Structures are given as structure tokens and as C-alpha cells.
K.L.:
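A single structure is presented below for examination.
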Amino acid sequence: MNSRFALIDVNNFYVSCERAFNPKLENQPLVVLSNNDGCAVARSNEVKTLGVKMATPWFQLKDLAKKHHIVALSSNYTLYGDMSDRVMTILRDFSPNVEVYSIDECFLNLNGLNSLWPSATQMGQTMRQRIHQWLGLPVCVGFGASKTLAKLANHIAKKQPVFNGVCDLGLLSSEQIDALLSNIAVREVWGVGSRIGLKLEAAGIKTVQALRNTPTSWLRSKFGVVMERTGNELNGISCLALEEVTPPRKQIISSRSFGQLVYTLPELSESVASYVSSAAEKLRGQQSTCDAIKIFVHTNPFREKDPQYSNSITIPLPNASSDTRLLIRAALFGLERIYQPGFAYKKTGVMLIGISSIVMSQGSLFKEYGADEKSIKLMGVMDQLNRRYGRNTVSVFSAGNQKSWIMRRKIMSPCYTTKWHDVPVAYA
DNA sequence: TCTGGGGTCCTAGGACCC
DNA sequence: TCTGGGGTCCTAGGACCC
């Protein structure tokens, strides 16, 4: 069991959650729709086989749906979040080192677990069995020497039935791996998206195997350090560490498209206020404050014949805060400044920025981090905190004659706006 | 011969992920 | 008619400071 990382991923997560609670949906072609039932954000295998892509607008699917009896459900994120927690809880029994990567995926570090399992494959099969038995969810498991390889192994486990849902790349000979990876498109690699995928293909690098054999120096010069890292990871050189502690969010967005076009300031204000309230809740949930809020509005870019308008404004706050009422006041102040009558609005939202961990007193900092004023120099502790929470998290300021520490990001943005728009027209 | 250099902060834009 | 909602990181370039 040499592979150091495992990636466990629930198949078609939202769809599988719905099926777990309604077995009649088993074997039926099924999609789960986004907000306002706009797009298909999850597809069952039956629907994927029909060639339906992620985020396809539902209205474009209606004919296909009629023909193949596709069932469409509105999304239920509370349910999915709860099921996700249960999956992660089960997986924590397999390793103490878990990184919850997304709602339906997690990485495990397997260092030191060699003696507990005869093979990684057996461990993976046990995970599958347990999650299926306890929650009714299907998962696939990939093992590899790096996170990128574990991801790739998971992809193979999903696509190739011979692996029966568990693939350990560490078990294969290098000839077997070469053959396997020569048949997988380069875009399947974690970190290769559509843009870079196109460029790689244009350079003749079409398969994962070809990417693996590309000198990382070339990757760096063409695409930057991120791709260089991907190249190394594919060759079994682990560059990405397991991130067990979820760092606090650096920005929090709350936005939504309207079901119907919206024209007036009061209607927009109502939505903005409710988005601020949910964003502020998340902010307090991670014990943070923000020192600016950005508000944006959009017309519908798909209605190309309509006059288009998009604008945003950033309102700095006098003091870092997470107070809903204060944030709403700032947001509505900003909204009034970017609102233009005469446009049909499709989307609005807010973004909390300049997020910092909550202000701590010197005493509580010492207490929490075990720092002793005499033994640890100020800079040392600051470095430690900055490493933990990101650059510029900590700064020092003086209040009266007492030196205090404050954990915050220094952002003092001026209030500015960005926009694109056509000439407004009168509307009924 | 000879032009300032080094560092930080900030933004926009582009790429990626689920 | 109807087209998701979140996030992250990197890089280049300008402003500004000493």
C-alpha cells in the first residue's frame, strides 16, 4: 500500500441523494435542476449517456426529456449538505487525515495505515460497501501517489467497469499505466480545463500519457507554475498537501438570477437585502468580519437584442463588521448608485470582501497559540499566523499606549464602480 | 559609457475547480 | 418565453514608498 492519497467521490451526487430517498427513481433517467429550475446541475448515468452536458438549460432538454421520460427535480441543498456530512463522517473512520474537497468528494492521506489493510483495494471496497449500505449512495475510490493521480485513478474507477469502482494506480506496472493513460484525454486531468486543454492539443499533447512525458520546464514556461505542478503530480511527485483544516473563506458571494425580469429599484433592493443577510450569516459562521461589500447588477446577456447593462460598486465600511443591518445599509447605498432605470435586470448579488478573522486581543492570542510574550518575538508569532491564515492576515496597531494585535487584512479600497451598458430604453 | 532600485499593495483579468 | 452559484490561485502592470 504505497499510494499515499485516496480520492472518494459520490457518483452523480445530487441524483444519488434523491434516489436514496425515493427508490422509484432508481434506473430512471433523472436530472436535478438549478435555482429557478434553469439548468440541469446533476445528471444520472442514463442522461449522461444521452449526451446531455453539465448545466444544460432545461428548456433545451424538454424534447429529449419527453422522448426518454427524463424526470427532473428541483434541487434540495439542505438534503445534499446533510448527506455530505454523513459520507464524510463514515470516511473519517478510515483515516484521521481527511480533506473535504467539495460537497461530494474528499481526499484521505493513507500514510501510516499500511498495517491496517491488506491492500488499498480492499480498503476502497469496504468504503464503497459501507457507504452504500448505510446511506444508499454509490461511490468510487481512486488511489495514487499524489492528489492529481488519486483524482485520475478515481476517474478510471468510474469509467472502466473492470476496476469495480476502486482503482489503485500503485498496483499497476509502469507498462500498464502507460497503456491506460494513453487512452485518456488530456482534459480529464485535474487542473487542465478547456482553454489549456485546447492549447495542449494544439501542441500535440492529447493524452494524459503525453502530458506526463512533457518536460515540466516547458509546462512552466507556457502555462505557469500551476501546470508545472500538475506535471510533477502526474509523475508521482506530490506537490499538493492535504488541507485538513478548511481555511476561512476569503470572499463570500450571494447572488441569484431572477425567475422573471426585474425593472425597479425596490424589487432589486429587496433581493439585495436578502442576499446580504445570507452572506452575513455565512461570514459570522466562520467568525469573520469584512471591510467592504461589492454589489452588482446584470441584465440578461442571452437576450442579445435587449439593451445591456452591467455594473458593480464596492463600498468600503468604516469598520470591519459582520452586522447584517449595517451591511444591508451599505449595500442599498451602493445599489442606488449603480441602478439605472430603463433596463430589464436578470441578476443581482453581493460579495463580501476584505474578510478577516475576528479581532482578537493580545491575551487571547497568547492563550490560543501558546505564545509567550517574552519567549516569542512578535514577528515570529505574526509569521506563524500569517502562514496559517494567509499573507497579511495579521498586522499590529497601537491603541493608546498599549500595543494591540489585530487579525485583519488591510484593505482600504476606494469606492469604485465598473460598468458596461447600452442606451436605456423606455419600458412598459 | 551608464538610464534608479527594490519592495509592497492593489486591481483586473484569466485560468481552474465543483 | 425559459440559460447556475459558488469558490480558488496566478500574473501582469500601475501606483506608491523609501
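Note on naming: letters A, B, ... go to the chains in the order of the sequence lines (proteins, then strands), and numbering restarts at 1 for each one. Given the structure is predicted, the values throughout are model-derived calculations rather than measurements.
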K.L.:
Is it possible for you to check whether A:Arg329 lies under 6.0 Å from the centre of the six-membered ring of A:Phe333, through NZ or CZ, and within 45° of that ring's axis?
P.N.:
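Here A:Arg329 fails the 6.0 Å and 45° test against A:Phe333.
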K.L.:
How does DNA chain B read in dot-bracket, base by base from 5' to 3', with Watson-Crick or G-U pairs under 3.5 Å and | used when the partner is on another strand?
P.N.:
....||||||||||||||
K.L.:
When we call it a touch if two heavy atoms are under 4.0 Å apart, what does A:Leu33 touch: a base, just sugar-phosphate, or nothing?
P.N.:
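Nothing, no nucleic acid heavy atom in range.
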K.L.:
Ignoring backbone atoms, test whether A:Arg303 places a side-chain nitrogen or oxygen under 4.0 Å from the OP1 or OP2 oxygen of C:dT1.
P.N.:
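For A:Arg303, the contact criterion (side-chain N or O under 4.0 Å from OP1 or OP2 of C:dT1) is not met.
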K.L.:
For A:Lys305 and C:dC2, give me the distance from atom NZ to atom C1', rounded to whole Å.
P.N.:
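After rounding, the gap between these two atoms is 16 Å.
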K.L.:
Toward the 5' end of DNA chain C, which comes first, A:Ile252 or A:Cys39, by nearest nucleotide?
P.N.:
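First, find each residue's nearest nucleotide; the 5'-ward one identifies A:Cys39.
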K.L.:
Counting side-chain heavy atoms from CB outward, which of B:dC18, C:dC2, C:dG7 is closest to A:Lys282?
P.N.:
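Ranking B:dC18, C:dC2, C:dG7 by closest atom to the A:Lys282 side chain puts C:dG7 first.
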K.L.:
Between A:Arg256 and A:Gly259, which residue's closest nucleotide on DNA chain C lies nearer the 5′ terminus?
P.N.:
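First, find each residue's nearest nucleotide; the 5'-ward one identifies A:Gly259.
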K.L.:
Give one of base, sugar-phosphate or nothing for A:Ile196, where a contact means two heavy atoms less than 4.0 Å apart.
P.N.:
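It contacts sugar-phosphate atoms only.
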K.L.:
Any salt bridge linking A:Arg86 with A:Asp82? Criterion: basic side-chain nitrogen under 4.0 Å from a carboxylate oxygen.
P.N.:
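Answer for the salt bridge query: yes.
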K.L.:
With a 4.0 Å limit, can you tell me whether A:Asn35 has a side-chain N or O closer than that to the phosphate oxygens OP1/OP2 of C:dG4?
P.N.:
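For A:Asn35, the contact criterion (side-chain N or O under 4.0 Å from OP1 or OP2 of C:dG4) is not met.
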K.L.:
Once the angle between the rings of A:Trp218 and A:Phe223 is folded into 0 to 90°, is it parallel (under 30°), tilted (30 to 60°) or perpendicular (over 60°)?
P.N.:
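Taking A:Phe223 first and then A:Trp218, their aromatic rings stand perpendicular (interplane angle over 60°).
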K.L.:
Does A:Lys347 make a side-chain N or O approach to OP1 or OP2 of C:dG4 shorter than 4.0 Å?
P.N.:
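Looking at the OP1 and OP2 atoms of C:dG4, neither is under 4.0 Å from any side-chain N or O of A:Lys347.
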K.L.:
Is the phosphate of C:dG6 approached by A:Arg249 (side-chain N or O, under 4.0 Å from OP1 or OP2)?
P.N.:
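No, no such contact exists.
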K.L.:
Taking the six-membered ring for Trp and the full ring for Phe, Tyr or His, determine whether the centres of A:Tyr14 and A:Tyr80 are under 6.0 Å apart.
P.N.:
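Between A:Tyr80 and A:Tyr14, which both carry aromatic rings, the centre distance is below 6.0 Å.
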K.L.:
Tell me what A:Glu105 touches on the nucleic acid: a base, only sugar-phosphate, or nothing, going by heavy atoms under 4.0 Å.
P.N.:
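Sugar-phosphate: the residue A:Glu105, judged by heavy atoms under 4.0 Å, touches backbone atoms but no base.
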K.L.:
Touch check for A:Ser75, heavy atoms < 4.0 angstrom, all strands: base, sugar-phosphate only, or nothing?
P.N.:
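If one applies the 4.0 Å heavy-atom cut-off, A:Ser75 turns out to touch nothing in the nucleic acid.
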K.L.:
What nucleic acid atoms does A:Val189 come within less than 4.0 Å of, heavy atoms only: base, sugar-phosphate, or nothing?
P.N.:
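Sugar-phosphate contact only - A:Val189 comes under 4.0 Å of backbone atoms but never of a base.
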K.L.:
When you check the phosphate oxygens OP1 and OP2 of C:dG4, does a side-chain N or O of A:Ser255 lie under 4.0 Å from one of them?
P.N.:
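For C:dG4, neither OP1 nor OP2 has a side-chain N or O of A:Ser255 closer than 4.0 Å.
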K.L.:
Examine distances only and state if a side-chain atom of A:Ser255 and a backbone atom of A:Val350 form a donor-acceptor pair shorter than 3.5 Å.
P.N.:
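No.
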K.L.:
Respond yes when some side-chain nitrogen or oxygen of A:Lys151 is under 4.0 Å from OP1 or OP2 of B:dC16, and no when none is.
P.N.:
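No, no such contact exists.
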K.L.:
For a quick check, with a 4.0 angstrom heavy-atom cut-off, what is the B/S/- contact string for nucleotides 9-15 of chain C, read 5' to 3'?
P.N.:
SSS----
K.L.:
Contact class for A:Asp104 (heavy atom, under 4.0 Å): base, sugar-phosphate, or nothing?
P.N.:
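Counting heavy atoms under 4.0 Å across all strands, the contact made by A:Asp104 is with sugar-phosphate only.
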K.L.:
So what does A:Trp190 hit on the nucleic acid, given a heavy-atom distance under 4.0 Å: a base, only sugar-phosphate, or nothing?
P.N.:
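Result for A:Trp190 = sugar-phosphate.
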K.L.:
For atom C1', what is the distance between B:dC2 and C:dC18, given to the nearest Å?
P.N.:
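Going atom to atom, C1' in each nucleotide, I get 23 Å.
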K.L.:
With distance as the sole criterion, is a donor-acceptor pair present between the side chains of A:Asn45 and A:Asn12 under 3.5 Å?
P.N.:
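Side-chain D/A pair, A:Asn45 to A:Asn12: present.
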K.L.:
When you get a sec, tell me which of C:dC2, C:dG5, C:dG6 is the closest nucleotide to the side chain of A:Ile253?
P.N.:
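For A:Ile253, the side-chain atoms sit closest to C:dG6.
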K.L.:
Using a 4.0 Å heavy-atom cut-off, does A:Ser257 contact any base of the nucleic acid, only the sugar-phosphate backbone, or nothing at all?
P.N.:
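Counting heavy atoms under 4.0 Å across all strands, the contact made by A:Ser257 is with sugar-phosphate only.
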